[in-house]
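Written out below as structure tokens is the structure these notes cover.
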Amino acid sequence: MTSVETQTGTAEAGPGSGISYSPDELMTVVMAREIRNDDLAVTGASSLVPVAACLLAQQLHAPDMTLILPSGVVNPRPGRLYRSASDGRWVTGAEAVGTGYDLFEMSENGRLSVMFYGGVQLDRHGNVNLHGTGYRDGRPSFRGPGLANTSFAVVSGRIILFSAHHTRRTFVDRVEFLTAAGHLDGGDSRARAGITTDGPVCCITPLVTFGLDDGAMTVRSIHPGVDPETVIDRTGFALPTAPPWPVTAGPTPDELDVLRRVVDPTGELAR
Amino acid sequence: MTSVETQTGTAEAGPGSGISYSPDELMTVVMAREIRNDDLAVTGASSLVPVAACLLAQQLHAPDMTLILPSGVVNPRPGRLYRSASDGRWVTGAEAVGTGYDLFEMSENGRLSVMFYGGVQLDRHGNVNLHGTGYRDGRPSFRGPGLANTSFAVVSGRIILFSAHHTRRTFVDRVEFLTAAGHLDGGDSRARAGITTDGPVCCITPLVTFGLDDGAMTVRSIHPGVDPETVIDRTGFALPTAPPWPVTAGPTPDELDVLRRVVDPTGELAR
Amino acid sequence: MTRSPSRPPDAAARRTSKLVSLSEAAALVTPGSFVAVGGLWFQNNPSALVREVVRRGPGELTIVAAPPSSYAVDLLIGSGLVRTAYVAHVSFDHLGLAPNHRRAGETGTVDLVDCDEATVLGGLMATLEALPHHPVTSIAGTDLTRTSPLAAPRDVDGRGPVPAPPAMRPDVCLLHAQEADEYGNVRNLGTPFCDPLLAKASRTVVVTVDRIVTNDEIRSAPHRTVLPGYLVDAVVEAPYGAHPCASQGHYVHDEEQLRAYLHAGRTAETWRSEYLEPRVLGVAEGPDYLAAVGGAQRIDGLEESVR
Amino acid sequence: MTRSPSRPPDAAARRTSKLVSLSEAAALVTPGSFVAVGGLWFQNNPSALVREVVRRGPGELTIVAAPPSSYAVDLLIGSGLVRTAYVAHVSFDHLGLAPNHRRAGETGTVDLVDCDEATVLGGLMATLEALPHHPVTSIAGTDLTRTSPLAAPRDVDGRGPVPAPPAMRPDVCLLHAQEADEYGNVRNLGTPFCDPLLAKASRTVVVTVDRIVTNDEIRSAPHRTVLPGYLVDAVVEAPYGAHPCASQGHYVHDEEQLRAYLHAGRTAETWRSEYLEPRVLGVAEGPDYLAAVGGAQRIDGLEESVR
């Protein structure tokens with residue numbers, strides 16, 4: 001329940017309550033609120049939080065949304081969380097098992113409405129770099145894993161960005177390699193590149209939720225108990241607005257209850 | 001066991017034997033002998049004989065060959081024949097169930113080695129017409145069913161033609177509409193059209209087996225008990241060679257035994 | 001491997017049912033629609049749904065079907081509702097030719113676009129794969145390249161003229177399967193064949209099933225789901241909804257009724273008086289239709305007689 | 001519906017078994033081969049087969065893998081046998097980065113072709129669909145279009161420059177699944193993901209399985225067959241053949257061993273001395289390997305501890 005990144009471990013859960021929660025639990029709840037009832041969402045690597053957020057949203061306000069794991073498993077319901085989104089145990093109790101071709105169809109044919117991306121670097125326009133950093137003669141001094149699904153960033157209705165690490169190394173002014181298209185150079189540059197989908201609509205970190213209303217990251221809200229100076233210090237680009245920022249509504253008792261009782265009874269997010 | 005088309009119903013089954021068989025049984029046995037052990041074959045509509053021929057070949061000399069029904073069922077083994085090749089009962093006991101996309105892949109990706117075609121018209125170069133006859137202003141006075149898989153004629157390693165009806169109406173000098181490519185204008189015209197596969201290698205009817213060694217139908221053998229004049233009368237193009245023709249080796253007792261005991265115990269081919 | 005038990009969702013989250021009535025489903029086919037018709041030959045035709053569409057009577061339809069189609073397509077053509085048909089092969093398999101399809105081709109009352117399996121599948125796959133056209137290796141040398149707009153040679157990818165059917169995206173896809181839950185998770189007990197492809201290419205997908213099963217039943221065998229719910233817009237419970245065709249795994253095709261259809265089809269007039277009126281326009285779907293064709297018990301028993 | 005009993009073939013027809021030994025299967029990978037590696041992340045990696053390939057040591061390989069790949073790809077890269085890799089994403093998922101892949105990218109010892117899911121799948125699908133290139137809708141705006149030969153914009157079908165990966169046809173495809181019969185009918189108990197696509201695109205397909213089942217067992221559930229025998233050239237019985245990865249439905253991934261791999265991978269030298277030598281080059285596949293990683297019983301019990 002503790003974190004080097006935030007002080008939310010002891011923050012208030014709601015008016016009059018004193019429930020504590022972990023950073024992952026907070027991020028999960030905040031992300032779940034972004035999911036709509038008619039969404040079809042696909043998750044990627046290292047996606048415990050997005051998977052949990054979708055499962056939570058299905059329990060709360062989005063029972064009709066479809067969650068597809070990166071392995072093609074449709075609407076899993078294993079009764080607990082597994083730390084790998086491709087774990088075979090997600091199959092048991094799911095509604096269907098798709099293939100790589102199904103994922104290709106789902107994205108290219110325009111069904112996918114939400115995609116989640118983390119990144120080695122995320123820049124202020126919401127562009128994603130999973131390729132590498134420190135390039136010299138085209139070769140990186142740090143090579144990332146690579147991006148499994150670049151084109152999903154173009155065809156997905158909207159993108160939700162997230163990062164477990166809110167640091168200057170992650171949140172940069174400009175990605176060194178653009179592996180997935182956010183708002184490119186900001187403004188209407190995404191549309192001018194011929195991309196018709198919304199692109200990143202928010203970015204959820206352990207410290208804040210960024211909005212991207214004008215194609216650039218702005219603090220939409222700061223999480224309960226976080227010091228604004230910490231946010232400024234740990235963000236590698238100049239923030240467009242100065243504090244005070246609105247404070248993120250923390251998890252309600254009901255949200256936490258459903259999360260812990262139904263979605264994550266083994267407490268994977270609490271670790 | 002009788003037929004208006006042939007007298008094979010009382011023909012000899014082998015040296016010294018006096019087994020009778022139906023025209024469909026004879027065609028099935030003759031066709032089975034054309035199947036090779038490494039074949040991957042797909043059947044089409046009204047394909048009781050080709051399906052039975054493949055199943056018989058699997059029992060006799062081609063246990064490794066793969067039979068795929070037009071519905072995508074792989075290597076069925078229902079213990080009897082069903083008259084429709086798409087009958088759902090072929091699924092039970094099969095090895096796999098494919099889809100239309102699998103059939104597309106199998107043909108376009110060059111796996112298919114044998115395809116069977118019947119036709120409203122078959123011409124002396126082995127071209128197939130399932131579209132219609134008696135065209136005036138582009139409209140047929142007789143409209144056929146249409147051809148489900150024209151391109152299989154191009155991509156399949158070889159083609160086995162067959163017809164339950166050996167008549168002048170079916171066996172014509174030139175198809176009125178070319179729905180599937182045989183040897184086109186004969187000679188090397190198939191190769192000149194850029195088609196690299198073998199095309200029709202034989203055509204099995206209730207009266208004869210035609211060979212197509214030079215891209216034109218020649219009587220390879222006449223079935224036991226058939227009068228050569230009947231063949232000449234009922235063929236709508238001039239036959240390149242005159243009788244006497246070699247006589248088709250009738251079904252052996254072993255072939256008939258396996259056919260009737262294992263492939264067709266309910267006697268669908270005997271009707 | 002030990003399996004964790006599934007846990008049901010909280011009662012708070014009420015998922016929307018996709019169950020609709022047959023007539024609500026049929027109403028999705030509006031005049032001028034591009035309609036995909038599922039099944040192959042006598043298998044899994046959306047027969048009850050197509051009959052209900054015919055009763056409602058939206059005209060000027062364009063249709064596409066799996067390469068071997070049969071009853072449902074012939075019925076639609078016979079009803080006069082079809083303007084254009086992308087159908088590669090329409091027949092009653094070993095029972096004979098499809099009478100209305102044949103007549104339409106001979107009289108020119110319907111634009112029967114010449115095509116084959118590869119051109120139909122290619123056009124549908126183009127939609128799935130976001131291609132403007134999907135080249136098909138070759139229907140070289142055939143008259144299709146001369147007559148069919150689907151097969152018109154086109155210079156794609158610098159390899160010279162090659163038949164390249166344009167992407168087809170039907171407005172409504174009509175399918176029949178054996179089982180589904182109310183959320184549109186569909187299971188075929190037999191061969192799905194081209195139905196998944198037709199569904200993925202279409203804007204709206206309607207599936208009739210003989211039997212509604214629970215979501216838990218679907219979840220008990222996730223590998224058996226052929227169409228996941230996100231591909232399906234409406235589900236109709238229609239027992240014997242494929243009759244006179246087969247619902248693979250539930251009942252076989254009804255050769256007696258199919259032969260009666262073919263016999264009725266000897267002229268356009270007899271087809272109307274002997275089939276369309278008594279079996280479609282003059283009878284309601286459901287118990288009345290079932291009674292008219294000899295009842296459920298008779299259909300269940302066909303397994304023994306249909307060879 | 002009553003089912004007719006299946007009837008076995010006559011003894012006269014002896015079907016050819018596709019069962020081969022692990023080393024026979026590994027020998028299909030020859031120097032310079034283009035190799036497809038199955039699985040995704042920690043699931044269904046053909047681990048034993050890839051280790052055996054490494055023991056044999058054919059060099060100058062080109063590899064392609066499902067967009068999220070992991071252990072088997074990283075091992076091949078670390079072994080020094082790979083010249084070119086078409087891999088969109090290589091990581092150890094939530095456990096960390098893939099050490100040899102990362103190092104290869106940083107030192108340039110392997111040509112890591114930049115690609116993503118759509119470009120890899122597109123290239124494989126092009127082979128299946130007989131297209132020279134398969135355009136993918138868009139990876140517009142990304143640096144992939146600048147750096148990747150797979151994503152080089154090409155004028156296909158008159159719609160201006162669009163990324164269009166060329167058809168990829170691997171020489172050999174290496175897969176792991178749970179069950180197969182000796183004729184190559186393969187069944188996945190979990191998610192097959194891209195394995196069927198890799199198999200269909202490849203010239204020769206080898207599958208290791210934890211368990212050989214009878215042909216009758218395959219025929220008892222035809223819908224569960226993921227790869228029909230005609231797609232498969234060789235089958236190897238290799239119990240625990242996916243370890244340290246999971247064989248979905250049989251055993252979960254071994255995080256202790258995977259972490260040991262990652263720890264060994266902190267430098268090229270430690271990876272060689274702490275992993276490649278003791279776990280691959282210095283041990284035979286089968287009982288010896290299993291004993292070295294703690295035995296079968298330990299692997300079976302991981303279900304309880306791996307979260």
Item to check | Residues Thr197(B) and Arg190(B): side-chain donor-acceptor under 3.5 angstrom | outcome: yes
Item to check | Toward chain B, the part of Thr127(D) with a non-hydrogen atom under 4.5 Å | outcome: both
Checklist entry - Is it the side chain or the backbone of Met106(B) that comes within 4.5 Å of chain D heavy atoms, both, or neither? => result side chain
Next on the checklist: Quick check on the interface: out of Leu40(B), Asn37(B), Asp64(B), who has the most heavy-atom pairs with chain D under 4.5 Å?
Outcome noted: Asp64(B)
Checklist entry - Run the side-chain contact (heavy atoms from CB on, under 4.5 Å) check on Gln59(B) and Arg261(B) step by step: do they pass? => result CA-CA 11 Å; Gln59(B) 295 294 326; Arg261(B) 190 170 45 82; over 6 Å; no
Item to check | Most chain B-contacting option - heavy-atom pairs closer than 4.5 Å, from Glu129(D), Arg224(D), Lys200(D), Arg169(D) | outcome: Lys200(D)
Item to check | chain D contact via Ile68(B) - which portion, at a heavy-atom distance below 4.5 Å | outcome: side chain
Checklist entry - Shortest non-hydrogen contact from Ala199(D) to Val205(D)? => result O-CG2, 3.4 Å
Checklist entry - Below 4.0 angstrom, N of the basic side chain to O of the carboxylate: do Arg111(B) and Glu105(B) qualify? => result yes
Checklist entry - What part of Arg187(D) lies closer than 4.5 angstrom to a heavy atom of chain B: side chain, backbone, both or neither? => result neither
Checklist entry - Between the side chains of Thr214(D) and Glu217(D), does any donor sit under 3.5 Å from an acceptor? => result no
Checklist entry - Which one, Val226(D), Leu227(D), Thr225(D), leads in non-hydrogen pairs under 4.5 Å with chain B? => result Thr225(D)
Checklist entry - Parallel under 30°, tilted from 30 to 60°, perpendicular over 60°: which one fits the rings of Trp41(D) and His89(D)? => result perpendicular
